[in-house]
Amino acid sequence: MKHKDGKPINLPNKNRTLTFVVTLIALCGLSFYLGGIFCSGKDGVVVKTIQKALDTPMQTSGSLLMRTITFPECGLDYQDYTPCTDPKRWRKYGLYRLTLLERHCPPIFERKECLVPPPDGYKPPIRWPKSRDECWYRNVPYDWINKQKSNQHWLIKEGEKFLFPGGGTMFPNGVGEYVDMMQDLIPEMKDGTVRTAIDTGCGVASWGGDLLDRGILTVSLAPRDNHEAQVQFALERGIPAILGVISTQRLPFPSNSFDMAHCSRCLIPWTEFGGIYLMEIHRILRPGGFWVLSGPPVNYEHRWRGWNTTAEEQKSDYNKLQNLLTSMCFKLYNKKEDIAVWQKAKDNSCYDKLPKGNYPPKCDDSIDPDSAWYTPLRPCFVVPDPKHKKSVLTYMPKWPERLHATPERIAVAHGASTSASISTFNHDDGKWKKRIQHYKKLLPELGTDKIRNVMDMNTVYGAFAAALINDPLWVMNVVSSYGLNTLPVVYDRGLIGTLHDWCEAFSTYPRTYDLLHLDGYFTAENHRCEMKYVLLEMDRILRPGGHALIRESSYFVDAIATVGKGMRWICRKETTEYGVDKEKVLICQKKLWHSSNKGSR
């Protein structure tokens, strides 16, 4: 039937109406029947059975379902892909203060959803401690650094391996002799006072590698630059390192973190741009900490001829440097030949005496001194909080007692009383000791030479790392830039770490970690960061044969395993040490595979 304008008229469907009436009568009858059951005492067994079924949720309702997904391979030209420091994107950014070398992550629509392949001929890395002195050439196949630095004995290519004789620009005779001289200048390096260090412009991290045997844990820092892969060489050797550059943003570390900072002819223009780079060193260096400089302009009287300059120019540069350091309350601590050592003020008496109009000025309170994630550098220096007297290097417990002493700054992080902070800290330490014992049963490789480079992707106080301190490994402790900043506590314990947001790629090369550990990350931050991209990033930085140890709510575990299967991981689900159903431990291993894709993606 149609209207007069020609449009059809939708009449009621008699069959549909009849079906509805029959269904309604059936439901009423069923309701009456069930009511009779629940009102009858003799059918109590039926009542209990029905009640049990009502109280037990369906398994599918208790976990996140994820559709099966398979990720393609990236092209071979992505074998050293670093998404946030990608040389292919450098032309978009300026050369001023080398801002192109800072983090510039791709927008979401440019993110890669493919698996980064290893180089042709990749082999499982040589195990520690042998790896400190040699690595497989095919794992880091970069010839440029070998050709340019062979005369300085950075590394030597011999057959299928790179050998690391321990040389450097300022220590061609070996890093051991160089550090011996440094210890003579800084006795605190020998007695456990100095525990954490940062090496800016680290080369292949020979300085940091040597200090490991001396009980000093170093973050070796270098940008992705024309040396191709300084940080990748360091991590391939089993030495802590991270991509980074002092440019226009703060380094991703809190204030008063490091006991020592080192620059060996690192070519950072310390006195340019108003001395802003040295102000950043002042911020991250602990009160009473040491800044070590070797190379220009130190020892200019004897070295200037080799620096393509004049003695007068180098003398002027040295005086500028000394004046800048003095204006920030550094004092020359010791000096010999090519090495000069300055010490940051131990208390605020010097800062209080600085004249008005002093340059650089003191920073005001508008920016948190510990804010360090995409925080712009400012032309001022941070004066340490006088309330934190126990954070001064000379008042810190010496290593290794320092590891389990409750840091003073934990109360600041939580805004709690001292007694409550001590209780929280000790509880966390005890909890992780128990967990590590359980993890070693689930993953027997943990604690052996098969696992060297470890990352705790969302630590709180570094207790995971503390419980592993006697094993032949080191841990990069990552604190979320989105949450509570407890990284000062990690450094006060004598451990190392960095701020990071896992919605973005980490500042490292592919295939640089043997073990990645996550504790409840997706429960805490799944509302911000898509699981798929976090797991793809984990795959990028995990070595073939390496493991991911994921402690997570049962709600997410199956979905994580599904994505892992799509990345060619082999995963198994285990119970926690408490044996509860609401939380599980997922152990995944990344398989070694070789690319079948010769193009680019």
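With sequence neighbours left out, Glu401 forms a salt bridge (Lys or Arg N to Asp or Glu O under 4.0 Å) with no residue at all. For Lys320, the salt bridge (Lys or Arg N to Asp or Glu O under 4.0 Å) criterion is met by no residue, not counting sequence neighbours. For Lys398, the salt bridge (Lys or Arg N to Asp or Glu O under 4.0 Å) criterion is met by Asp191, not counting sequence neighbours. Residues that satisfy the salt bridge (Lys or Arg N to Asp or Glu O under 4.0 Å) test with Arg378, not counting sequence neighbours, are Asp364.
Using a 4.0 Å cut-off between charged nitrogen and carboxylate oxygen, Arg224 and Asp80 count as a salt-bridge pair.
Shown here for Gly462 and Arg493, the closest heavy-atom pair between the two residues is C-NH1, 3.8 Å. Closest non-hydrogen pair, Glu337 versus Val298, comes out as O-CG1, 3.8 Å.
Judged purely by distance below 3.5 Å, without hydrogens or angles, the side chains of Asp338 and Asn299 pair a donor atom with an acceptor atom. For the residue pair Tyr395 and Lys389, no side-chain donor N or O sits within less than 3.5 Å of a side-chain acceptor on the partner. No hydrogens or angles considered: nothing links the side chains of Trp373 and Asp501 as a donor-acceptor pair under 3.5 Å. Judged by distance alone, the side chains of Gln232 and Tyr142 do bring a donor and an acceptor atom under 3.5 Å apart.
Taking the centre of each ring, Phe330 and Trp270 stay at or above the 6.0 Å mark. With ring centers used as reference points, Tyr96 lies under 6.0 Å from Phe273.
Side-chain atoms of Gln249 never come within 3.5 Å of backbone atoms of Tyr374 as a donor-acceptor pair (strictly under, hydrogens ignored). Counting only distance, with no hydrogens or angles, the side chain of Arg511 and the backbone of Leu542 share no donor-acceptor pair below 3.5 Å. For the pair Arg409 (side chain) and Val489 (backbone), a donor-acceptor distance under 3.5 Å is absent.
Classified by interplanar angle (parallel below 30°, tilted 30° to 60°, perpendicular above 60°), the ring pair Phe253/Tyr491 is perpendicular.
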Apply side chain to side chain donor-acceptor pair (under 3.5 Å) to the pair Glu102 and Thr248, showing each step before the final yes or no. CA-CA 8 Å; Glu102 292 186 303; Thr248 66; 2.7 Å; yes

Run the side chain to side chain donor-acceptor pair (under 3.5 Å) test on Ser327 and Asn358 for me, step by step, so that the C-alpha distance in whole Å, both residues' side-chain angles and the decisive distance to 0.1 Å come before the verdict. CA-CA 7 Å; Ser327 69; Asn358 178 74; 4.9 Å; no

Run the side chain to side chain donor-acceptor pair (under 3.5 Å) check on Ser371 and Arg250 step by step: do they pass? CA-CA 8 Å; Ser371 174; Arg250 285 179 173 179; 4.8 Å; no

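A heavy-atom distance below 4.5 Å is not found between the side chains of Pro83 and Glu504. Using a 4.5 Å cut-off on side-chain heavy atoms (C-beta onward), Thr218 and Pro240 make no contact. In this structure, Leu235 and Thr508 have side chains that are in contact, with non-hydrogen atoms separated by less than 4.5 Å. Proximity of Asp317 to Gln314: side-chain heavy atoms (C-beta onward) are separated by under 4.5 Å at one or more points. Contact of the Phe233 side chain with the Phe162 side chain is registered, since non-hydrogen atoms from C-beta on lie closer than 4.5 Å. In this structure the side chain of Arg540 reaches within 4.5 angstrom of the side chain of Thr82, judged on heavy atoms. Looking at heavy atoms from C-beta onward, Tyr81 lies in side-chain contact with Asp86 at the 4.5 angstrom threshold.
Between the NE2 atom in His262 and the CG atom in Leu293 there is a gap of 8.5 Å [rounded to 0.5 Å].
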Under 3.5 Å, which donor-acceptor pairs link side chains of residues 180-190 to any protein atom two or more places apart or in another chain?
residue, atom, partner, partner atom, Å
Asp180, OD1, Arg214, NH1, 2.9
Asp180, OD1, Arg214, NH2, 3.1
Gln183, OE1, Arg214, NH1, 2.8
Glu188, OE1, Tyr333, OH, 3.2
Glu188, OE2, Tyr333, OH, 2.8

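Contacts classified as side chain to side chain donor-acceptor pair (under 3.5 Å) and involving residues 280-294 (residues at least two apart or in different chains) are given here: Tyr178-Ser294, Asp259-Arg286, Ser264-Ser294, Glu280-Arg283, His282-Tyr351, Arg286-Asp492.
Under a cutoff of 6.0 Å and an axis angle of 45°, Lys344 and Phe381 do not form a cation-pi pair.
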